[in-house]
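Here is the structure we will look at, set down as structure tokens.
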Number of protein chains: 2
Amino acid sequence: MDPTFEDLRQELKTKNIGLSHQRLKVLEYLAQNRCHPTVDQIYTELQKDIPTLSKTTVYNTLRILAEAGLVKVISIEDKECRFDIDTEDHGHFKCESCGTIFDFPVDIDSLIPEELSNFKINDKNVYFKGLCPGCLSNKKEIN
Amino acid sequence: MDPTFEDLRQELKTKNIGLSHQRLKVLEYLAQNRCHPTVDQIYTELQKDIPTLSKTTVYNTLRILAEAGLVKVISIEDKECRFDIDTEDHGHFKCESCGTIFDFPVDIDSLIPEELSNFKINDKNVYFKGLCPGCLSNKKEIN
DNA sequence: ATACAGAGTTGTAATCATTACAACACTATT
DNA sequence: AATAGTGTTGTAATGATTACAACTCTGTAT
Ligand SMILES: [Mn+2]
Ligand SMILES: [Mn+2]
Ligand SMILES: [Zn+2]
Ligand SMILES: [Zn+2]
């Protein structure tokens, strides 16, 4: 189900978006690191490969990919966006202790109420916050 | 169901939070303006009553109220927080054209999957984005 | 009354992610 | 070689939020 890097490359071509080296690298990074990275993580990692990379390019690329529907922007809070190559509907759980963001399945469409029948829905988000099992057991050990 | 201003005042007292003039005004504003205002909206409006009001105080107050569970912070995106006096579970729809945030009912608990049974959930959010009926019909008129 | 402590408020400066913008590089076409 | 178009880069601006130190207010102990 998860699209391969090649699938994504093909989709860019279809949408007439130039296949620059930097764009492909950002896309590849997202395809291989499905941990919902921040701009800074992407930038810092790719800089190892592309020493001249500019953070502006990362921002530009992510905006283009998001507009093309290839990545989803996740704004759980933090005023620091995260990016998800998985654009299928699913929920996110952010651990308030370790910061990890977990995916979980959600049948979002089943909860659209009658009241929204006259609205045009473009984007659906479900996210929870709390503590993950790992951090919960760490806490127990301390007590 | 909606708590009155007096209920809220009482709850502050119970939680040993000082009932300063500024705090009560912020609380009152939120109780009377259920449009999910921004810090700036709250600040600008209250300044008419309290000319010496500082924006820092608004930030401080909202943090205290949020920590006490009296208001809910909504971070739909925009890197501009909004505040909701309604802390019961419900969904939010943000119109991408006029910016209005609508409430809608959601049975959030019904969609918590098995996979999260070992997680401690502190905060649940559902929000959609798109176009509201008003903006949709405006668009039709133009075409 | 005076002094003192604690809580709350205020204004200013810092922080930090994001955006704007202009110069530069790269590629293809004439 | 000149030109145009696209993409990249670095720097400066923006804007919400936070840090911080000075000030005010109120109640209490001396
Ligand atoms: Mn995800
Ligand atoms: Mn609401
Ligand atoms: Zn954790
Ligand atoms: Zn609208």
Side-chain angles (χ1 to χ4, degrees), chain A residues 9 12-29 36-68 70-84 94 99 101, chain B residues 9 12-29 36-68 70-84 94 99 101:
Chain A
R9 187 195 178 96
L12 274 190
K13 211 180 257 176
T14 305
K15 302 205 174 184
N16 268 350
I17 296 172
L19 303 176
S20 78
H21 184 226
Q22 285 85 340
R23 286 179 188 165
L24 291 173
K25 278 296 184 182
V26 169
L27 202 51
E28 186 188 43
Y29 183 82
H36 316 92
T38 64
V39 169
D40 218 65
Q41 282 175 297
I42 299 169
Y43 170 65
T44 305
E45 278 306 306
L46 291 186
Q47 225 186 4
K48 295 173 185 170
D49 270 334
I50 317 168
T52 62
L53 182 65
S54 161
K55 197 178 272 190
T56 300
T57 299
V58 179
Y59 274 106
N60 287 341
T61 299
L62 290 169
R63 183 176 33 75
I64 288 170
L65 295 178
E67 282 167 8
L70 285 172
V71 310
K72 186 161 163 52
V73 185
I74 303 175
S75 18
I76 288 198
E77 62 164 336
D78 279 338
K79 60 224 162 204
E80 189 176 32
C81 288
R82 288 163 171 273
F83 297 87
D84 198 340
K94 174 166 182 174
I101 294 182
Chain B
R9 187 195 178 94
L12 274 190
K13 212 181 257 175
T14 305
K15 303 207 174 186
N16 268 352
I17 296 172
L19 302 176
S20 78
H21 184 226
Q22 285 86 341
R23 286 179 188 165
L24 290 174
K25 279 295 185 182
V26 169
L27 203 50
E28 186 188 43
Y29 183 83
H36 315 92
T38 65
V39 168
D40 219 65
Q41 281 175 298
I42 300 169
Y43 170 66
T44 305
E45 278 307 305
L46 291 185
Q47 224 186 4
K48 295 173 185 168
D49 271 334
I50 318 168
T52 61
L53 182 65
S54 161
K55 197 178 275 191
T56 300
T57 299
V58 180
Y59 273 106
N60 287 340
T61 300
L62 290 168
R63 184 175 32 75
I64 287 170
L65 294 178
E67 282 168 6
L70 283 172
V71 310
K72 186 159 162 52
V73 185
I74 302 176
S75 18
I76 288 198
E77 60 164 337
D78 279 340
K79 61 224 160 204
E80 190 176 30
C81 287
R82 287 162 172 275
F83 297 87
D84 198 341
K94 172 165 185 177
I101 294 183

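Convention: sequence-line order gives letters A, B, ...; per-chain numbering from 1.
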Suppose we screen for side-chain hydrogen bond (donor to acceptor under 3.5 Å, both in side chains). Which residues come up paired with [X], at least two apart in sequence or across chains?
| X | result |
| --- | --- |
| A:Lys55 | A:Asp40 |
| B:Glu80 | none |
| A:Lys72 | A:Asp123, A:Asn125 |
| A:Glu45 | A:Lys48 |

Quick check: closest heavy atoms across [X] and [Y], and the distance to 0.1 Å?
| X | Y | answer |
| --- | --- | --- |
| A:Ser75 | B:Ile76 | OG-O, 3.7 Å |
| B:Thr38 | B:Gln41 | N-OE1, 2.8 Å |
| B:His36 | B:Arg82 | O-NH1, 2.7 Å |

Distance, rounded to the nearest Å, where [X] contributes [atom1] and [N] contributes [atom2]:
| X | N | atom1 | atom2 | result |
| --- | --- | --- | --- | --- |
| A:Ile17 | D:dT6 | CD1 | P | 13 Å |
| B:Ile64 | C:dT9 | CD1 | P | 8 Å |
| A:Asn16 | D:dT6 | CG | P | 11 Å |
| B:Leu12 | C:dA7 | CG | P | 16 Å |
| A:Leu19 | D:dT6 | CG | C1' | 13 Å |
| B:Ile74 | D:dT17 | CD1 | P | 13 Å |

Its contact letters, B for base, S for sugar-phosphate only and - for none at protein heavy atoms under 4.0 Å, make nucleotides 10-23 of chain C read BBB----SBBBB--
Scoring nucleotides 25-30 of chain C by protein non-hydrogen atoms under 4.0 Å (B base, S sugar-phosphate only, - none) yields ------
ask   = Any side-chain N or O of A:Arg23 less than 4.0 Å from the OP1 or OP2 oxygen of D:dT8?
value =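 For D:dT8, OP1 or OP2 has a side-chain N or O of A:Arg23 closer than 4.0 Å.
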Quiz prompt | Spatial distance of atom NZ (B:Lys94) from atom CD1 (B:Ile74) [nearest 0.5 Å] | solution =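 So the gap between those two atoms works out to 10.5 Å.
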Practice item. Output the distance between atom CG (B:Leu70) and atom CZ (B:Phe83), rounded to the nearest 0.5 Å. Key: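 These two atoms lie 13.5 Å from each other.
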Considering residues, nucleotides and ligands other than B:Lys13, do more than 12 of their heavy atoms fall under 6.0 Å from its NZ?
->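 Counting neighbours around NZ of B:Lys13, 12 or fewer heavy atoms of other residues, nucleotides or ligands fall under 6.0 Å, so no.
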Check residues 20-29 of chain B and write down every donor-acceptor pair under 3.5 Å in which the side-chain atom is one partner and the other belongs to a residue at least two apart or another chain.
| unit_1 | atom_1 | unit_2 | atom_2 | d |
| --- | --- | --- | --- | --- |
| B:Ser20 | OG | B:Arg23 | N | 3.1 |
| B:Arg23 | NH1 | B:Gly18 | O | 3.3 |
| B:Lys25 | NZ | B:Glu28 | OE1 | 3.4 |

Bending between helix ends of the helix from C:dA1-D:dT30 to C:dT30-D:dA1 [5 pairs per end, 10° resolution]:
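Axis-to-axis angle, ends of the helix: 20°.
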